[in-house]
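The structure appears right after this line, and notes come after that.
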Amino acid sequence: MKKLAIILTILFLLLVAIYFLIFKPEKYQEKDLYDSILERGVIKVGINTDSKPFGFFDEKWQIKGYDADLARYIAQYILKSPNAVEFHPVTPANRMLKVSTGEVDIVIATMTITPQRKEIIDFSIPYDAAGQALLVRSNSKIKSLADLNGLNVGVVFGTTAEKNMLNLVPTANIIGFRNYRVAYQALKNGKIDALTSDDTILSRFVYEDKSVKLLPKRYTHEPYGVALRKDKSTKRLKENIDFAIKDMHKKNVILRLRRKWLYS
Ligand code: GLU
């Protein structure tokens with residue numbers, strides 16, 4: 001009798017668990033993120049801090065750049081104030097996790113929309129785009145990817161370039177770095193022969209330092225999107241961000257951001 005009672009209790013608990021898992025009754029459903037942001041009065045944005053001119057610390061330790069301005073525009077659109085943003089530093093390697101776990105509401109970090117990433121997270125419509133390029137020392141003989149066989153090529157962990165390189169030149173010796181600063185140092189001191197990533201990010205080094213050059217060829221098309229958690233609760237937020245981006249294209253805000261920040 002006692003055994004039967006235990007079995008029935010376990011069965012009951014199991015059924016309750018299955019019910020909650022499958023049907024998610026209304027009041028236990030994840031709260032709509034857009035509503036939470038409105039209530040909180042601030043949007044938490046994951047941003048690169050090592051990626052001038054998109055996201056970086058200025059001399060006063062303020063986060064600046066194209067992506068920071070974009071975040072402020074979105075905050076203005078949603079919360080009616082460009083200052084209603086809380087920036088959280090992310091890296092290319094941890095940004096998917098930070099947005100999936102809800103540590104940040106969105107990530108704006110030169111992040112390419114790819115089918116593989118879309119399996120795990122959601123993206124807004126593109127706000128800009130780049131192409132994968134090669135940065136080499138000015139006196140280098142390297143002209144294109146074809147010259148990289150057996151050479152050391154630097155990538156930043158978690159970037160599309162890291163993944164692409166494995167397919168584009170499997171015979172190169174690919175070396176991963178935590179961020180662009182250390183990868184760039186490795187190029188300067190000869191530890192790597194080339195550094196590959198988005199042209200928009202690498203251009204900054206050429207602008208600041210004539211001992212390196214960006215090769216003219218582009219190997220990919222990298223549309224940039226605002227990343228969101230893939231969940232029903234982010235649907236309204238995504239719609240609003242898409243709308244804000246469309247508005248920015250229409251009113252030439254994107255064009256102005258490009259002129260303000262990009263080295264071209
Ligand atoms: N657009 C590339 C990517 O999404 C590079 C971004 C970055 O280095 O932050 O992986």
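For ligands, and for the atoms within them, numbers begin at 1 and follow the listed sequence. Below, each value reflects all heavy atoms present in this structure, side chains not excepted, and no hydrogens, waters or symmetry copies.
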- prompt: For ligand 1, which part of Q132 has a heavy atom less than 4.0 Å away: the side chain, the backbone, both, or neither?
  reply: neither
Considering only heavy atoms of [X], which atoms of ligand 1 have at least one such atom less than 4.0 Å away?
X: R117; result: 3 (C), 4 (O), 10 (O)
X: Y224; result: 1 (N)
X: M111; result: 4 (O)

- request: Mind checking side chain to side chain donor-acceptor pair (under 3.5 Å) for T200 and listing every partner two or more places apart, or none if nothing turns up?
  value: Y224
Any idea which protein heavy atom is nearest [atom], and the distance to it?
atom: atom 8 (O) of ligand 1; value: Y180 OH, 2.4 Å
atom: atom 10 (O) of ligand 1; value: T160 N, 2.8 Å
atom: atom 5 (C) of ligand 1; value: D198 OD2, 3.4 Å
atom: atom 6 (C) of ligand 1; value: T110 O, 3.1 Å

- line: side-chain hydrogen bond (donor to acceptor under 3.5 Å, both in side chains) test vs Q132 passes for just one of T196, T159, T160, namely T196
- prompt: Measuring from the heavy atoms of I201, does anything fall under 4.0 Å of ligand 1?
  reply: yes
field: A109 heavy atom under 4.0 Å from ligand 1
entry: yes
Flag the pair [X] and [Y] as a salt bridge only when some basic side-chain nitrogen lies within less than 4.0 angstrom of an acidic carboxylate oxygen.
X: K98; Y: E103; answer: yes
X: R181; Y: D50; answer: no
X: D242; Y: K238; answer: yes
X: D69; Y: K64; answer: no

[X] N/O to ligand 1 N/O under 3.5 Å:
X: T112; result: yes
X: N48; result: yes
X: T159; result: no

task: Determine, for F57 and K60, whether the Lys NZ or Arg CZ falls below 6.0 Å from the six-membered ring centre while staying within 45 degrees of the axis.
output: no
- request: Treat each ILVMFWY residue as a node, draw an edge where side-chain heavy atoms are under 4.5 Å apart, and state whether F54 and M248 are in one component.
  value: yes
- prompt: By salt bridge (charged side-chain N to carboxylate O under 4.0 Å, His left out), which residues pair with K235, not counting sequence neighbours?
  reply: E239
